[in-house]
Amino acid sequence: MSAVRPHSLTLTGRFVQLQPLGSAVLPDLARAIAHPEVFAAGYGGGPAALKRDVDGFIKWAHDYFQWEALPYVIRLLGGPNDGDVVGTTTLGDIDVVKEAIHLGWTAYDPRVWGTPVNAETKLLVLGTAFDNGFGRVKIQADARNERSRTAILGIGATFEGIVRRDCSRADGTWRDSAVYSILADEWPAVRAGLKARLDAFVGRFVTYRDLRPAGASGTILGGGPRGGFGQAAGNAPDAPDAPDTPDTPDAERNAGADASS
């Protein structure tokens with residue numbers, strides 16, 4: 001099967017829905033990901049790239065994302081936070097001749113770290129890539145970003161190596177990139193692993209922990225990298241903190257931001 005460019009369509013799972021990213025949603029995306037803990041390990045150019053005001057974030061986003069590719073905004077499905085924007089991801093660097101594509105530019109609201117959001121997002125976008133005939137999906141992170149590197153390995157990607165002095169950071173230093181990939185013949189095993197991880201959350205929806213108040217004049221206040229999940233019944237108690245939750249895989253606890261570019 002030859003690769004074809006995927007259509008920019010909405011992707012719907014059990015816990016999240018991915019919609020084509022547009023300018024109108026950027027203020028909501030800012031409130032979700034414009035936090036120090038997201039940019040700390042290299043996302044978007046690193047801490048120096050973080051814009052805490054909405055207008056600054058919108059300008060940064062227009063320069064950063066691959067708008068000509070397939071960027072998505074991630075929304076929660078179900079529960080008290082249904083429809084909330086909690087992150088973004090992109091299928092970019094699309095090369096149909098080489099049947100290669102790059103899954104990156106991924107970041108999540110810290111309140112959903114350690115939940116099904118990362119696993120289901122990866123399941124949806126990887127499925128889109130392989131269903132459209134791509135033979136190799138690249139995923140990469142700043143070599144210093146141990147959180148994301150652990151998460152990438154946790155979904156079943158293969159480490160290929162370090163590309164030295166790969167791209168510049170916002171502070172003028174140069175980043176080394178840790179490069180991983182998933183091939184088409186590896187996808188069935190990766191897909192099975194992601195589905196098994198999601199099966200642990202059957203009948204649940206994603207909930208927040210440590211809700212962050214909005215600041216005055218568009219200032220976006222920070223919060224801790226903690227997330228939770230709730231039973232389908234709306235009055236179920238919160239789960240324990242992610243690091244103490246026995247059915248939360250280590251890779252999900254570490255799924256904060258895949259600092260790809």
Side-chain angles (χ1 to χ4, degrees), residues 3-11 16-30 32-34 38-39 41-46 48-51 54 56-75 85-109 117-118 121-143 145 148 151-152 155 157 160 163 165-170 174-182 255-261:
V4 295
R5 180 185 173 92
H7 296 293
S8 184
L9 300 176
T10 296
L11 309 176
V16 297
Q17 184 178 78
L18 277 60
Q19 301 170 347
L21 178 66
S23 296
V25 79
L26 288 179
D28 290 334
L29 183 61
I33 70 170
V38 174
F39 283 71
Y43 182 73
L50 174 60
K51 307 300 181 185
V54 173
F57 178 91
I58 290 173
K59 183 179 184 303
W60 167 85
H62 279 296
D63 293 335
Y64 177 67
F65 292 117
Q66 273 203 9
W67 294 96
E68 74 284 1
L70 295 171
Y72 295 97
V73 62
I74 304 164
R75 295 183 181 273
V85 171
V86 293
T88 183
T89 194
T90 295
L91 285 170
D93 297 339
I94 302 170
D95 190 331
V96 295
V97 175
K98 293 184 177 180
E99 299 179 352
I101 201 166
H102 178 181
L103 168 54
W105 300 267
T106 306
Y108 306 107
D109 188 319
V117 169
N118 181 57
T121 295
K122 293 295 190 292
L123 182 66
L124 291 170
V125 290
L126 286 169
T128 296
F130 290 116
D131 288 349
N132 281 277
F134 287 87
R136 177 177 183 269
V137 177
K138 179 178 74 171
I139 309 174
Q140 67 183 30
D142 190 314
N145 191 342
S148 288
I152 294 168
I155 67 171
E160 294 185 338
V163 178
R165 208 175 189 271
D166 184 38
C167 55
S168 62
R169 300 186 180 96
W174 284 85
R175 148 183 154 164
D176 295 341
S177 295
V179 179
Y180 303 78
S181 68
I182 300 171
D258 300 342
S260 303
S261 60

(message) So does Trp174 get a backbone contact from the side chain of Arg169, meaning a donor-acceptor N/O pair under 3.5 Å?
(response) yes

(request) Apply the test side chain to side chain contact (heavy atoms under 4.5 Å, CB included) to residues Val163 and Gln140: give CA-CA distance (whole Å), side-chain angles for both, the deciding distance (0.1 Å), then the verdict. (result) CA-CA 10 Å; Val163 178; Gln140 67 183 30; over 6 Å; no

(message) Could you tell me if the side chain of Leu29 sits less than 4.5 Å from the side chain of Phe65, heavy atoms only?
(response) yes

(request) Could you tell me whether the side chain of Val125 reaches within less than 4.5 Å of the side chain of Thr106, counting heavy atoms only? (result) no

(request) With rounding to the nearest 0.5 Å, note down the distance linking OG in Ser177 to CG in Asn145. (result) 11.0 Å

(request) Search all heavy atoms of Asp95 against all heavy atoms of Lys98 and return the closest pair with its distance. (result) OD1-N, 3.0 Å

(message) I want to check something: taking the side chain as every heavy atom from C-beta on, are Pro27 and Ile58 in contact at a cut-off of under 4.5 Å?
(response) yes

(message) Looking at Asp93, is its backbone amide N or carbonyl O close enough to the side chain of Gln66 to form a donor-acceptor pair, meaning the two atoms are under 3.5 Å apart?
(response) yes

(request) Grab the two heavy atoms, one from His62 and one from Ser23, that are nearest each other, plus how far apart they are. (result) CE1-OG, 3.0 Å

(message) On a heavy-atom basis, which atom in Val137 and which in Phe130 lie closest, and how many Å separate them?
(response) CG2-CZ, 3.6 Å

(request) First locate atom CZ of Arg75, then atom CD of Gln17, and finally report the distance between them rounded to the nearest 0.5 Å. (result) 8.0 Å

(request) Using a 4.5 Å cut-off on heavy atoms from C-beta on, say whether the side chain of Thr88 contacts that of Tyr108. (result) no

(message) Distance check, rounded to the nearest 0.5 Å: Ile182 atom CD1 versus Leu126 atom CG?
(response) 4.5 Å

(message) So Phe134 and Leu91, do their side chains get closer than 4.5 Å, heavy atoms only?
(response) no

(request) Apply the side chain to side chain contact (heavy atoms under 4.5 Å, CB included) test between Leu103 and each candidate in Thr90, Thr121, Ile139, Thr128; give the one that qualifies. (result) Ile139

(request) Give, for atom CG of Leu50 and atom CH2 of Trp60, the distance between the pair rounded to the nearest 0.5 Å. (result) 9.0 Å

(message) Just verifying a value: how many Å separate Ile74 CD1 and Ile33 CD1, rounded to the nearest 0.5 Å?
(response) 9.0 Å

(message) So which atom in Leu70 and which in Ser8 form the shortest heavy-atom distance, rounded to 0.1 Å?
(response) CD2-CB, 3.7 Å

(request) Dump the intermediate steps for side chain to side chain contact (heavy atoms under 4.5 Å, CB included) on Tyr180 and Ile155, then the final yes or no. (result) CA-CA 11 Å; Tyr180 303 78; Ile155 67 171; over 6 Å; no

(message) If I compare all heavy atoms of Leu18 with all of Tyr72, which pair ends up nearest, and what's the gap?
(response) CB-CD2, 3.9 Å

(message) Is there a side-chain contact between Pro20 and Thr10 in this structure, where contact means two heavy atoms from C-beta onward sitting under 4.5 Å apart?
(response) yes

(request) Would you check if the side chain of Asp176 reaches a backbone N or O of Arg165 as a donor-acceptor pair within less than 3.5 Å? (result) yes

(message) For the CD1 atom of Ile101 and the CZ atom of Arg5, what is their distance to the nearest 0.5 Å?
(response) 8.0 Å

(request) Identify the two heavy atoms, one from Gly44 and one from Ala49, that lie closest to each other, and give their separation to 0.1 Å. (result) O-CB, 3.2 Å

